[in-house]
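Written below as structure tokens is the structure these notes are about.
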Number of protein chains: 2
Amino acid sequence: MSERHPEADPAATSGGLVSGPDGAEAERTETEERIFEAALRVFARKGRDGARMQEIADEAAINKAMLHYYFRSKDRLYAQVFHYVFHRFDRAFFEAVERAGEDSFAAALESFVDHYIDFIGHHLDVLKLMVNEFLDGGAVIRHEVTAMIATGQAPPQRFARLIARAVEAGEIAPVDPRHFLVTLVSGCLFPLIAFPMVSTLIPEAVDDYEGFLEARKKNLLDVLRRGIEPRSG
Amino acid sequence: MSERHPEADPAATSGGLVSGPDGAEAERTETEERIFEAALRVFARKGRDGARMQEIADEAAINKAMLHYYFRSKDRLYAQVFHYVFHRFDRAFFEAVERAGEDSFAAALESFVDHYIDFIGHHLDVLKLMVNEFLDGGAVIRHEVTAMIATGQAPPQRFARLIARAVEAGEIAPVDPRHFLVTLVSGCLFPLIAFPMVSTLIPEAVDDYEGFLEARKKNLLDVLRRGIEPRSG
DNA sequence: CGGTCTGTCAACCATTTGGTTAGATGCCAT
DNA sequence: ATGGCATCTAACCAAATGGTTGACAGACCG
């Protein structure tokens with residue numbers, strides 16, 4: 001059961017992108033699909049400006065003209081890919097929180113860490129593209145986030161409220177909900193981004209990626225759970 | 001005392017790069033210096049391939065030919081900048097650990113978080129360029145790290161041993177030193193990278209960046225210190 | 001069978017990009 | 001002054017890059 005870190009074989013970190021024909025969007029050609037996934041991969045590692053159309057075409061094993069046939073321009077292609085990624089990123093968080101609607105906060109926390117690390121750990125390109133956008137100033141992100149918050153359903157805010165309630169109920173120590181959330185998410189995501197560095201400290205992670213993910217979950221949970229236990233003194 | 005997040009004014013996140021004429025390297029022209037810092041800024045946000053020589057020249061407010069006059073090619077310029085950044089990144093960690101040579105582990109931890117967040121928080125470009133390299137696969141990083149580890153002085157390993165000793169001494173709960181270190185560093189660095197996202201959750205961070213850094217230190221330390229307190233029962 | 005519509009491709013085009021060069025400018029020792 | 005040297009610049013060049021086009025192949029339909 002020891003799978004290597006995805007960097008080894010390509011295409012492994014984009015994950016199944018478009019679920020079946022759920023009628024929402026016009027069905028995509030297989031070619032269109034291939035382009036989209038290849039674009040995600042290349043944009044994720046090279047960034048918007050660093051990515052080359054030819055490289056995307058090569059990665060998708062199709063003619064470069066097809067990129068423009070289906071997506072008109074590099075900007076439009078990037079926009080579509082990023083928009084998709086943002087919502088995937090958002091949804092991952094949302095679902096992790098939803099399933100975390102457990103009875104105790106401790107259980108919710110455990111469920112969140114489990115689902116979040118699982119999803120992002122297997123869709124690394126989604127995270128990478130997101131981070132790429134951070135590095136470039138995140139103008140697009142702020143735009144998308146603003147739109148998201150406007151819906152009143154912004155998952156991070158919801159989770160922060162969940163934490164706040166646990167504090168009020170005395171279920172956990174009085175932490176700042178927003179900062180605790182930031183620390184939590186940091187502990188989930190950063191090790192995945194910084195894998196090239198982390199793996200020099202934890203070499204086994206390269207040959208047993210799944211094991212690494214599980215170890216991260218366990219160790220992060222151990223520290224955080226203890227870190228917010230209410231004081232009975 | 002409320003300074004805005006560095007994204008606002010340029011040049012603020014590279015920090016003073018080359019310290020005075022300490023004789024180590026041949027002294028640099030003021031122009032050379034300007035190029036170097038501009039290159040760091042542009043590479044940090046656009047990545048190796050995304051960066052344009054013209055953009056670097058513009059940022060440094062000098063003629064593009066000067067880039068080649070002083071650094072021959074884009075590759076060489078990038079190599080020099082990255083090499084510098086890597087060691088700066090490494091040194092920041094090292095110094096944070098050194099100063100953390102306190103009596104108690106708790107004090108050491110506090111000192112580390114304080115210095116590390118301070119330094120990286122004010123040299124964001126160093127971190128950003130590093131992360132850019134992560135996203136692209138980190139081949140260069142692995143190379144540098146291997147060289148670093150060969151010296152036997154690799155700071156991360158040293159800090160991991162420090163943690164291990166604290167565990168053995170019963171000073172802290174029995175955590176996995178390497179994973180605790182990863183969680184610690186994640187909590188320090190990720191919020192700085194993901195600032196565009198974090199600041200939608202913590203809007204004050206934009207107008208009071210220094211305050212944000214202090215809040216991060218405090219909240220991270222609170223959770224981690226409690227998280228590793230030894231159990232007395 | 002002829003027409004046409006979609007998908008595909010090789011070749012092509014205009015612009016951008018990394019990199020070069022010939023010559024200016026200023027400084028400093030002779 | 002003047003010759004030499006480092007620094008700097010505008011103009012230039014070849015290659016790479018985003019994007020286009022015209023032709024071709026096959027499915028579908030009358």
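Just so you know, these numbers come straight off a predicted model, no measurement behind them. Throughout, protein chains are lettered first and strands after them, A, B, ... in sequence-line order, and every chain is numbered starting at 1.
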- Query: Sequence neighbours excluded, which residues qualify as side chain to side chain contact (heavy atoms under 4.5 Å, CB included) partners of A:F93?
  - Reply: A:V97, A:F112, A:Y116, A:P155, A:P156, A:F159, A:L181, A:V185

- Query: With a 4.0 Å cut-off on heavy atoms, is A:A51 in touch with a base, just the backbone sugar-phosphate, or nothing at all?
  - Reply: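 It contacts sugar-phosphate atoms only.
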
- Query: Taking side chain as C-beta onward, heavy atoms only, is A:M148 less than 4.5 Å from A:D90?
  - Reply: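 Yes. Closest side-chain heavy atoms under 4.5 Å.
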
- Task: May I ask you to establish whether A:R28 and A:F36 are in a cation-pi arrangement, using a distance under 6.0 Å from NZ or CZ to the six-membered ring centre and at most 45° from the ring axis?
- Result: yes

- Task: Apply the ring pair (Phe, Tyr, Trp, His ring centres under 6.0 Å) test between A:Y78 and each candidate in A:Y84, A:F86, A:F43, A:F71; give the one that qualifies.
- Result: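 Answer to the ring pair (Phe, Tyr, Trp, His ring centres under 6.0 Å) test with A:Y78 among A:Y84, A:F86, A:F43, A:F71: A:F43.
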
Got a list of protein N/O to nucleotides 8-10 of chain D N/O distances below 3.5 Å?
from: D:dC8; atom 1: OP1; to: B:T31; atom 2: OG1; distance (Å): 3.0
from: D:dC8; atom 1: OP2; to: B:T31; atom 2: OG1; distance (Å): 3.1
from: D:dC8; atom 1: OP2; to: B:Y70; atom 2: OH; distance (Å): 2.9
from: D:dT9; atom 1: OP2; to: B:N63; atom 2: N; distance (Å): 3.4
from: D:dA10; atom 1: OP2; to: B:N63; atom 2: ND2; distance (Å): 3.3
from: D:dA10; atom 1: N7; to: B:N63; atom 2: ND2; distance (Å): 3.4

What is the separation between atom [atom1] on [X] and atom [atom2] on [N], rounded to the nearest whole Å?
X: A:I56; N: D:dG18; atom1: CD1; atom2: C1'; answer: 11 Å
X: B:Y78; N: C:dG19; atom1: OH; atom2: C1'; answer: 20 Å
X: B:R52; N: D:dA16; atom1: CZ; atom2: P; answer: 14 Å

- Message: Can you say whether a donor on the side chain of B:K64 sits under 3.5 Å from an acceptor on the base of C:dG19, or the other way round?
- Response: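 Yes, the side chain and the base share a sub-3.5 Å donor-acceptor pair.
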
- Query: Just checking, any donor-acceptor pair under 3.5 angstrom between side chains of B:E98 and B:H115?
  - Reply: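 On atom types as modelled, these side chains do not qualify, holding no pair under 3.5 Å.
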
- Message: If only side-chain N and O atoms count, and only distance matters, is there a donor-acceptor pair under 3.5 Å linking A:T29 with A:R34?
- Response: no

